[in-house]
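Below: the structure, in structure tokens.
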Amino acid sequence: MRTAAQQARVVVIGAGQAGLSVAWHLQRAGLVAGDDVVVLDRAPGTGGAWQFRWDALRLGLAHRVHDLPGMHEMGLRFDDADRSRPARDVVAEYYRRFEEHHDLRVRRPVAVTSVRRVSAAADTDAGAAAATTSRLVVETRAEDGTVGTIVAEVVVNASGTWGTPFVPWVPGRDVFRGRQLDTTGYRDAADFAGQDVVVVGGGTSGIGFLLELDGVARSTRWFTRRPVVWSEDRALALGAAVAAVEDQDRAARAGRVLPSIVSGTGLPVSRRIRAGLDRGLLRAEPMFTRLDEDGVVTADGEHVHADAVLWATGFRADLRHLAPLQLRTEDGGVVVEDGRSTAEPRLFLAGYGPQASTIGANRAGRRTARQVLTVLAEDAAVAS
Ligand code: FAD
């Protein structure tokens, strides 16, 4: 079934930290949630990608989840939450209370299937406004299969990365007969009880899996494409993190594929990690050269038996629904300056690249909202 085309001033794709932050700032500026600003999310519940994270990722084990703007006035702070609870549950609960308190009227589960430009006078089903000025057309699909169209002056894409885990191609990936899964498929260490597990990836997720599997799996081996750089000095780690965000920004401005944050920063050594290092659990080996039917073959030619290969190899920005806008450069990225697409000025990318952390997404909310309001004011001036 198809519903009649709707109009909105702004469509926000995604109700994670970035999308909610933008929506809240727009509401503060006087736009009406659910009417002027329509927030869509394909996931069933609140919490953005956090709702899908595994049980053992407790709030106290996450890096740090920053409060949404507008949470303090509700007396809500992540720092006051029980750190032993799964981060998934706390974030989902706090975001739900935030959405309800501010009446943000998120529509879910509604997936955005495509965003395209409306060419003047071509889109008869998109409404009169679309025929006179340039607009973006957002196609949606609800859970019951109903498809819809929303014509917007501005689209804020805040779709995160969870939908597009990245798994590198390694020879034999299609030959291995054991279980292969990426970070989004990981639920519980108990699923690997008594198994030989190969973990791939030098980021915090891979390390977390190794620590959780210790004493549960029969064996673990850890492979990374680059040597792991540990960082025991908090000040140095902080400086490196700032440099890594700057790297992300340079890549976004140049339209390159975004580098991984971890590859630039080094991994901070917590007490838990220090214990893992001391007992020899966290010993990264150079990436294996291939998989075979029942394991992997190391660079030295050793065959390592594996029941499961766990790819903790990161994520890419989930921008598939933006394909009709043809934003991809030859270098495989999208050119984004200060959170805005240079190829499509009605499109903002909140939480993208340098903004991809809960604090970055928060800051993006304020800046993006300001820029969106400027576009809306320009549209109003043209229309009058
Ligand atoms: P998300 O939270 O991913 O939200 C995006 C939303 O968009 C989702 O709800 C999704 O359903 C929706 N969506 C996507 N595509 C569509 C579509 N086509 N149509 C409709 N809806 C769509 N950051 C920190 O600051 N601290 C941490 O401790 C931390 N730990 C992390 C641990 C892991 C394992 C990972 C993978 C990341 C972690 N991060 C952490 C990064 C973290 O995910 C981000 O900081 C932040 O939560 C991302 O917010 P976001 O709003 O950009 O994206």
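Whatever order the structure lists them in is the order used to number ligands and atoms, beginning at 1. Residue numbers run from 1 in the order of the sequence given.
- Atoms of ligand 1 found under 4.0 Å from any heavy atom of Ile13, numbered from 1 in the order shown, are 17 (C), 19 (N), 20 (C).
- Near Gln17, meaning under 4.0 Å from any of its heavy atoms, are these atoms of ligand 1: 49 (O), 51 (O).
- Counting protein heavy atoms only, atom 53 (O) of ligand 1 is closest to Gly160 CA, 3.5 Å.
- Within a 4.0 Å radius of atom 6 (C) of ligand 1, the protein has at least one heavy atom.
- More than 12 heavy-atom neighbours from other residues, nucleotides or ligands sit within 6.0 angstrom of CZ on Arg274.
- Phe98 and Trp24 have tilted rings, their planes meeting at an angle from 30° to 60° on a 0 to 90° scale.
- We find that Arg88 and Asp55 are joined by a salt bridge, their nearest charged nitrogen and carboxylate oxygen being less than 4.0 Å apart.
- No salt bridge links Arg328 with Asp331; every basic N to acidic carboxylate O contact stays at or beyond 4.0 Å.
- Remark: the Thr149 side chain and the Glu139 side chain contain an N/O donor-acceptor pair separated by less than 3.5 Å.
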Could you please spell out the steps behind the side-chain hydrogen bond (donor to acceptor under 3.5 Å, both in side chains) verdict for His303 and Asp292? CA-CA 9 Å; His303 182 263; Asp292 62 15; 3.0 Å; yes
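- Here Tyr352 has no heavy atoms under 4.0 Å from ligand 1, in either its backbone or its side chain.
- Asp300 and Thr298 share no donor-acceptor pair across their side chains, judged by distance under 3.5 Å alone.
- Every atom of ligand 1 is numbered from 1 in the order shown, and the set under 4.0 Å from a heavy atom of Gly14 is 6 (C), 7 (O), 12 (C).
- Considering backbone and side-chain N/O atoms, Ala18 comes within less than 3.5 Å of an N/O atom of ligand 1.
- A salt bridge links Arg64 to Asp79: at least one charged side-chain nitrogen sits closer than 4.0 Å to a carboxylate oxygen.
- Under 4.0 Å is where a charged nitrogen must lie from a carboxylate oxygen, and between Asp214 and Arg279 at least one such pair does.
- Shortest contact from atom 41 (C) of ligand 1 to any protein heavy atom: Ala356 O, 4.4 Å.
- Within ligand 1, the atoms closer than 4.0 Å to a non-hydrogen atom of Phe315 are 36 (C), numbered from 1 in the order shown.
- Comparing Arg42, Gln355, His66, Arg53 by heavy-atom distance to atom 38 (C) of ligand 1, the nearest is Arg53.
- The shortest heavy-atom distance from Ala111 to ligand 1 is under 4.0 Å.
- The protein heavy-atom contact nearest to atom 11 (O) of ligand 1 is Asp41 OD1, 2.8 Å.
- Between Asp318 and Thr161, the side chains place no donor N or O within less than 3.5 Å of an acceptor N or O (distance only, hydrogens not considered).
- Note: Phe209 and Trp54 have tilted aromatic rings, judged against thresholds of 30 and 60 degrees for the angle between ring planes.
- Ring-centre distance between Trp311 and Phe223: not below the 6.0 Å cut-off.
- With a 4.0 Å heavy-atom cut-off, ligand 1 is reached by no atom of Ala361.
- Listed by number with element, the atoms of ligand 1 under 4.0 angstrom from any heavy atom of Ser205 are 34 (C).
- For ligand 1, the atoms sitting less than 4.0 Å from at least one non-hydrogen atom of Ala43 are 11 (O), numbered in the order shown with element in parentheses.
- The protein heavy-atom contact nearest to atom 3 (O) of ligand 1 is Ala49 CB, 3.2 Å.
- Using a 4.0 Å heavy-atom cutoff, Trp54 is listed among the residues neighbouring ligand 1.
- For atom 47 (O) of ligand 1, the closest non-hydrogen atom on the protein side is Trp50 NE1, 3.0 Å.
- Scanning the protein heavy atoms around atom 23 (N) of ligand 1, the nearest turns out to be Thr358 N, 3.9 Å.
- The closest heavy-atom contact to atom 26 (N) of ligand 1, among the options Arg141, Arg64, Arg107, comes from Arg64.
- In the model, Glu212 has a side-chain atom that pairs as donor or acceptor with a side-chain atom of Tyr186 under 3.5 Å.
- Residue Val112 has at least one N or O atom closer than 3.5 Å to an N or O atom of ligand 1.
- Scanning the protein heavy atoms around atom 28 (O) of ligand 1, the nearest turns out to be His63 N, 2.8 Å.
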Run the numbers on Phe166 and Phe315 for ring-ring contact (aromatic ring centres under 6.0 Å, His included), then give the verdict. CA-CA 5 Å; Phe166 170 72; Phe315 293 84; 9.9 Å; no
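- The closest side-chain donor-acceptor pair between Asn362 and His66, if any, does not fall under 3.5 angstrom.
- When non-hydrogen atoms are compared, ligand 1 lies under 4.0 Å from the backbone of Val110 (N, CA, C, O) but not from its side chain.
- Look at Gly163 and you'll find every heavy atom at least 4.0 Å from all atoms of ligand 1.
- Annotation: atom 4 (O) of ligand 1 to nearest protein heavy atom, Gly16 CA, 3.5 Å.
- Short contacts between ligand 1 and His321, defined as distances under 4.0 Å to a heavy atom of the residue, involve ligand atoms 18 (N).
- A salt bridge links Glu302 to Arg221: one of the charged nitrogens lies within less than 4.0 Å of a carboxylate oxygen.
- Close approach of ligand 1 to Ala62 is summarised as follows: ligand atoms under 4.0 Å from at least one heavy atom of the residue are 28 (O).
- No salt bridge links Arg108 with Glu143; every basic N to acidic carboxylate O contact stays at or beyond 4.0 Å.
- At a heavy-atom distance under 4.0 Å, only backbone atoms of Ala158 (N, CA, C or O) approach ligand 1.
- Of the N or O atoms in Trp162, none lie within a sub-3.5 Å distance of an N or O in ligand 1.
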